[in-house]
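Reckoned from all heavy atoms, side chains included, excluding hydrogens, waters and symmetry mates.
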Amino acid sequence: MKRNYYIVALIMLTFFVISFITNIIGPLSPEFIKDFKLSDLMAGVLPFAFFIAYGLVSIPSSMLLQKYNEKIIMTVAFAVAFLGSLLLAAEPNYLTAVLSLFLIGSGMAMLQVVINPLLRTSGGEENYAFNSVLAQLIFGGASFLSPLVYSYMVLNLSHSNSSGVFSVLQPLVPAGMSWISLYWLFTVICIGMFVLLLVSKFPKVELKEDEKAGAWKTHVMLFKKPVVIAYFIALFCYVGTEQGVSYWMSQFLFQYHKFDPQITGANAVAYFWGLMTVGGVVGLFLLKVMDSRKLLVLFTIPAIICLTIALFGPAQVSLYAFPIIGFFMSVMYPIIFSLALSSVSEHHGSFAGILVTGIIGGAVVQILIGGLGNLIGLRSGMMFLYITFGYILSIGFWAKPLITNKTIFDTKEN
């Protein structure tokens with residue numbers, strides 16, 4: 001079909017918005033704990049509410065996509081995310097925060113199901129690899145920017161003589177809870193995306209038979225295969241680890257080293273995502289010269305070392321070690337996902353839905369860290385990440401894909 005670069009740009013914008021809204025939860029963790037007077041376990045429920053939505057919504061959304069078009073699913077997704085953002089902005093308390101994050105997570109899960117096949121169709125199959133990498137870079141850039149916007153808004157709202165948009169926000173934001181301004185910003189963003197989608201004309205997406213989400217019996221059949229369970233656990237561990245570092249980082253730096261969570265903690269999280277973006281670019285080049293399994297091992301071991309330094313090092317060392325973990329985690333998601341899809345010969349659409357459901361790791365691991373934090377301290381709770389990192393490391397040794405990634409050396413041999 002004819003390439004539709006307007007839709008490609010719209011998808012890139014959607015990737016940006018998903019990341020901008022999703023990855024602010026970590027920098028806000030200390031604010032949730034302070035303003036809602038939460039224990040670590042109760043704080044862990046917040047990311048749980050967000051990421052459990054992926055487990056509940058992803059597969060049903062992929063099935064609904066067979067019946068309704070992409071435009072409908074995406075507009076409904078932003079409507080749901082708008083309601084979630086408005087709920088927390090208008091009535092900030094712990095219960096509304098839990099419900100809000102679940103609604104926002106549901107909207108983001110629906111979008112994730114739609115945008116990848118839509119990107120393949122609108123941008124062309126021959127450009128899909130390039131566009132996917134570009135989307136990941138935009139995703140990482142938004143994750144870097146989001147905490148910086150948070151710090152900027154907090155600083156400007158704290159001034160009594162604020163002007164412009166901040167003078168409008170001040171009456172809407174409870175005293176001492178300037179972070180709520182972000183959720184007013186999210187409501188505006190969601191409305192803008194909703195309107196933009198309504199006026200946009202979408203191409204018809206023809207999924208290949210292998211890309212379609214199968215019936216429930218197909219998913220059940222796949223789950224009986226050990227390799228499917230193994231990679232589901234892998235995605236579970238990856239997202240649990242990624243969020244376990246990014247969500248608890250700011251609180252750890254505040255609790256153990258007294259760094260300001262609104263500025264220093266937020267900046268640390270921003271650089272975690274920024275370095276993940278840089279690492280993704282480096283990983284692209286390394287995948288051209290070495291097997292993806294070896295690269296996974298090569299990056300996971302330093303990530304574990306950095307986690308150790310971050311948890312047990314002095315204040316300044318810990319401040320730098322946490323963001324560096326992001327650099328070494330950068331290649332894990334794409335490598336795990338590609339190894340998974342390359343390890344089965346059929347039903348890739350259904351398998352992809354199962355893998356996306358593994359994002360619930362971001363929910364469960366936070367509950368575990370929070371619960372352990374209550375019992376034995378946050379530092380000891382975060383040591384649970386050694387288990388998830390260990391599983392990721394093991395993939396490099398047991399993965400047996402049907403097709404391995406092509407390197408320049410393979411080309412030379414041919």
Side-chain angles (χ1 to χ4, degrees), residues 23 26 51 133 136-137 139-140 143 227 229-249 252 268-269 271-313 317-318 320-343 355 358-362 364-366 368-369 379-401 404-405 407:
N23 292 317
F51 286 102
V133 172
Q136 289 303 313
L137 293 178
F139 192 93
S143 299
V227 68
I229 296 173
Y231 279 109
F232 172 83
I233 295 172
L235 261 294
F236 181 99
C237 287
Y238 170 77
V239 180
T241 307
E242 176 198 89
Q243 295 301 316
V245 175
S246 65
Y247 181 74
W248 293 104
M249 179 194 312
F252 181 95
V269 179
Y271 283 106
F272 171 87
W273 294 110
L275 286 171
M276 184 175 283
T277 304
V278 174
V281 176
V282 174
L284 281 176
F285 290 102
L286 291 177
L287 282 169
K288 290 295 183 182
V289 298
M290 64 189 305
D291 187 284
S292 61
R293 291 166 291 183
K294 293 180 180 177
L295 182 60
L296 184 62
V297 172
L298 183 65
F299 269 50
T300 304
I301 292 174
I304 295 171
I305 293 171
C306 287
L307 176 65
T308 303
I309 294 171
L311 292 178
F312 298 101
V317 174
S318 179
Y320 291 116
F322 269 122
I324 293 173
I325 296 172
F327 177 88
F328 292 111
M329 290 197 70
S330 60
V331 302
M332 295 179 186
Y333 182 86
I335 288 178
I336 293 170
F337 210 99
S338 62
L339 284 173
L341 293 181
S342 298
S343 298
L355 291 173
I359 290 176
I360 61 171
V364 177
V365 172
Q366 309 327 309
L368 290 171
I369 291 175
R379 175 181 282 122
S380 298
M382 291 187 72
M383 289 175 66
F384 181 81
L385 298 177
Y386 286 124
I387 297 174
T388 54
F389 263 135
Y391 189 89
I392 293 169
L393 179 64
S394 75
I395 298 168
F397 298 99
W398 57 253
K400 295 180 179 179
T404 58
N405 61 298
T407 70

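- Here the side chain of Thr388 pairs a donor or acceptor atom with the backbone of Leu385 at under 3.5 angstrom.
- Distance check: Cys237 SG to Phe232 CZ gives 10.0 Å after rounding to the nearest 0.5 Å.
- Leu298 is listed as a side-chain neighbour of Leu295, based on a closest heavy-atom distance under 4.5 Å.
- For the residue pair Leu339 and Ser292, the shortest heavy atom distance occurs at CD2-OG, 3.7 Å.
- From Leu307, atom CG reaches atom CG of Leu311 across 4.5 Å, with rounding to the nearest 0.5 Å.
- Between Ile392 atom CD1 and Ile335 atom CD1 the span is 11.0 Å, to the nearest 0.5 Å.
- The side-chain heavy atoms of Phe299 and Leu286, taken from C-beta on, include a pair separated by under 4.5 Å.
- Just one residue in the list Tyr391, Phe397, Phe389 forms a side-chain contact (heavy atoms from CB on, under 4.5 Å) with Leu393, and that residue is Phe397.
- The shortest non-hydrogen separation linking Ala321 to Cys306 is CB-O, 3.7 Å.
- The minimum heavy-atom distance linking Val269 with Met249 is given by the pair N-SD, 3.8 Å.
- When side chains are defined from C-beta on, Leu296 counts as touching Met332, because their heavy atoms get closer than 4.5 Å.
- Residue Tyr320 qualifies as open at atom OH: its count of foreign heavy atoms under 6.0 Å is 12 or below.
- Partners of Phe236 by side-chain contact (heavy atoms from CB on, under 4.5 Å), not counting sequence neighbours, listed by chain and number: Ile360, Val364, Val365.
- Of all non-hydrogen atoms in Phe328 and Ala303, the two that sit nearest each other are CB-CB, 3.8 Å.
- For Ser318, the side-chain contact (heavy atoms from CB on, under 4.5 Å) test picks out Phe252, Leu253, His257, Ala310, Phe322, with sequence neighbours left out.
- Tyr271 OH: 12 or fewer foreign heavy atoms inside a 6.0 Å radius.
- How far CD1 of Ile325 is from CD1 of Ile309: 9.0 Å, rounded to the nearest 0.5 Å.
- Between atom CD1 of residue Ile305 and atom CD1 of residue Ile324 there is a gap of 12.0 Å, rounded to the nearest 0.5 Å.
- A heavy-atom distance below 4.5 Å is not found between the side chains of Phe139 and Met276.
- The two residues Met382 and Val245 have their closest heavy-atom pair at CE-CA, 4.5 Å.
- Note: Tyr238 OH to Met329 CE = 4.5 Å, rounded to the nearest 0.5 Å.
- Summarising the geometry of Gly240 relative to Gln366, their closest heavy-atom pair is O-NE2, 3.3 Å, with the distance given to 0.1 Å.
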